[in-house]
Amino acid sequence: RVQFPPSPPFIMQLSKIEKKCFLKLCEELQELACELLKAVNKKSKNNFKEINEELIDVEKRILKLKFLLKELGEWKSTE
């Protein structure tokens, strides 16, 4: 029986554009999370406007990521 050497682990090499896309989405998600936590922890904050603005920013970044993944042939639709 022939034994093959184990395959090396897959290393994800990101381009500058991919890194920027990923990091920008992370940044927007973090900002949305902060606003949501403020709403929970500070009862008088009334920051629905800020939450909505951050949500719009997150949606834009998600669309950009979907577009990037479609270009790479890696997008798997959940719809």
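Below, all heavy atoms of this structure are taken into account, side chains as well, without hydrogens, waters or symmetry copies.
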Which pairs would a plain distance check flag for residues 45-61, meaning a side-chain donor or acceptor within less than 3.5 Å of a matching protein atom at least two apart in sequence or in another chain?
| residue | atom | partner | partner atom | Å |
| --- | --- | --- | --- | --- |
| Asn47 | ND2 | Glu35 | O | 2.9 |
| Asn47 | ND2 | Glu35 | OE1 | 2.8 |

Check against side-chain contact (heavy atoms from CB on, under 4.5 Å), Ile62 and Glu28:
CA-CA 10 Å; Ile62 288 174; Glu28 294 300 341; over 6 Å; no
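More than 12 heavy-atom neighbours from other residues, nucleotides or ligands sit within 6.0 angstrom of CG on Leu63. For Gln30, the CD atom sits in a loose shell: 12 or fewer heavy atoms of surrounding residues, nucleotides or ligands are nearer than 6.0 Å.
Closest of all the heavy-atom pairs between Cys21 and Leu65 is SG-CA, 3.7 Å.
Leu14 and Phe67 sit in two unconnected hydrophobic clusters of ILVMFWY residues. Membership requires side-chain heavy atoms under 4.5 Å apart, directly or through other members. Following chains of ILVMFWY side-chain contacts shorter than 4.5 Å, one can reach Leu25 starting from Leu69, so the two form part of one hydrophobic cluster.
Here the NZ-NZ distance, from Lys19 to Lys24, works out to 15.5 Å after rounding to the nearest 0.5 Å. Atom CG in Leu36 sits 11.0 Å away from atom CG in Asn41 (nearest 0.5 Å).
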